Amino acid sequence: NAGVMQNPRHLVRRRGQEARLRCSPMKGHSHVYWYRQLPEEGLKFMVYLQKENIIDESGMPKERFSAEFPKEGPSILRIQQVVRGDSAAYFCASSRTDTYEQYFGPGTRLTVT
Amino acid sequence: KQEVTQIPAALSVPEGENLVLNCSFTDSAIYNLQWFRQDPGKGLTSLLLIQSSQREQTSGRLNASLDKSSGRSTLYIAASQPGDSATYLCAVRTGRTYKYIFGTGTRLKVLA
């Protein structure tokens, strides 16, 4: 059973470009969570999704950020018009419905130049 | 609003010592609590999950306890080894919103 997969592992974007981060949950997991970790800081919750539904997006910036988890395919975190402050490691986690135990992917490190 | 605090922020111990990491949370209406380790530049590895109805969980040299009434969880590591060196994070899933709130972590260094 493959673990949570994230790609790309490293992403470099110039200011103003768009960044798309992908997360494939573990098999049998229908819940996906996205977190952001700034250097030397803790993990900050961004959004919690189930298939085709956003359950809680209270940690998402109101502008430029969006997330989806379609019926088929990976979850996508999209950042439009990136700025230097978006540089961070973005982690996704997935869980099953019964225990909600989270399993994390290796993260995508976004660098905005 | 749920807040999660971990003390100490950093800890350095000689190999072989038993040690305790602390996690405090302000809202006792939690669904579960999960402990993780994070190695530098890597993702998080799940160590233990404690459901709100449980008092403790054990896995190998690790034991985690949960006291909801006092808003505390402890992670006990027995006979520490240099390979245990990492940042340890606790995360609380709140019963009302179902999202996880992370503590800021304890950076552990076990000296050979």
Side-chain angles (χ1 to χ4, degrees), chain A residues 1-10 21 23-26 29-50 53-60 67 88-111, chain B residues 1-10 21-25 27 29-54 57 59 62 64 66 73 86-107:
Chain A
N1 188 8
V4 178
M5 300 177 69
Q6 289 187 251
N7 65 79
R9 295 291 305 278
H10 300 275
L21 288 62
C23 170
S24 296
M26 287 179 68
H29 287 196
S30 58
H31 303 258
V32 166
Y33 314 79
W34 284 94
Y35 297 88
R36 177 163 64 176
Q37 186 174 41
L38 294 168
E40 302 303 317
E41 291 190 16
L43 270 80
K44 302 297 183 188
F45 168 83
M46 298 182 74
V47 62
Y48 164 38
L49 310 104
Q50 293 180 22
N53 285 305
I54 297 175
I55 306 302
D56 186 334
E57 57 181 347
S58 58
M60 287 271 275
Y90 291 82
F91 291 96
C92 84
S94 70
S95 72
R96 295 181 343 209
T97 302
D98 52 354
T99 66
Y100 293 100
E101 181 172 5
Q102 296 183 97
Y103 293 85
F104 276 76
T108 293
R109 278 149 186 84
L110 173 66
T111 301
Chain B
K1 178 187 170 187
Q2 180 72 275
E3 293 182 3
V4 182
T5 306
Q6 290 187 248
I7 293 172
L21 308 181
N22 296 294
C23 172
S24 300
F25 46 93
D27 185 348
I30 66 170
Y31 187 86
N32 62 31
L33 185 147
Q34 196 168 356
W35 282 95
F36 298 88
R37 68 174 279 169
Q38 184 176 28
D39 294 283
K42 306 279 184 172
L44 278 69
T45 301
S46 177
L47 298 174
L48 290 163
L49 171 74
I50 309 179
Q51 302 290 352
S52 62
S53 58
Q54 297 173 319
Q57 282 285 353
S59 175
L62 305 179
L66 175 65
S73 176
T87 296
Y88 289 80
L89 297 157
C90 69
V92 173
R93 183 180 174 115
T94 57
R96 296 187 181 92
T97 65
Y98 294 100
K99 69 183 183 187
Y100 282 91
I101 306 296
F102 275 80
T104 48
T106 294
R107 194 177 311 171

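Note on naming: letters A, B, ... go to the chains in the order of the sequence lines (proteins, then strands), and numbering restarts at 1 for each one. Note that the coordinates shown come from a computational prediction; the quantities given were computed from them, not determined experimentally. The figures here come from the full heavy-atom set of this structure, side chains too, leaving out hydrogens, waters and symmetry mates.
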Handout entry: cation_pi(B/Arg93, A/Tyr33) dist<6.0 Å, angle<=45
Key = no
Practice task
Check whether B/Gln38 gets within reach of chain A through its side chain, its backbone, both or neither, counting any heavy atom under 4.5 Å.
Solution key: side chain
Exercise for the section: Check the surroundings of atom CZ in B/Arg107: do more than 12 heavy atoms from other residues, nucleotides or ligands lie under 6.0 Å from it? Expected result: no
Exercise for the section: Kindly compute the distance separating OH (B/Tyr100) from OH (A/Tyr35), expressed to the nearest 0.5 Å. Expected result: 7.0 Å
Practice task
Report, by ascending residue number, the residues of residues 88-96 of chain A in heavy-atom contact with chain B at a distance under 4.5 Å; give 'none' if the set is empty.
Solution key: A/Phe91
Practice task
Using a cut-off of 6.0 Å, state whether more than 12 heavy atoms not belonging to A/Met60 lie near its atom CE.
Solution key: yes
Handout entry: Atom of B/Gln34, atom of A/Tyr100 and distance for their closest heavy-atom approach
Key = OE1-O, 4.4 Å
Exercise for the section: Determine the minimum heavy-atom distance between B/Ser46 and A/Gln102, stating which atoms define it. Expected result: CB-O, 3.9 Å
Problem - chain A contact via B/Ile101 - which portion, at a heavy-atom distance below 4.5 Å - result: neither
Exercise for the section: Please round to the nearest 0.5 Å and tell me the distance separating atom CE of A/Met46 and atom NZ of B/Lys99. Expected result: 12.0 Å
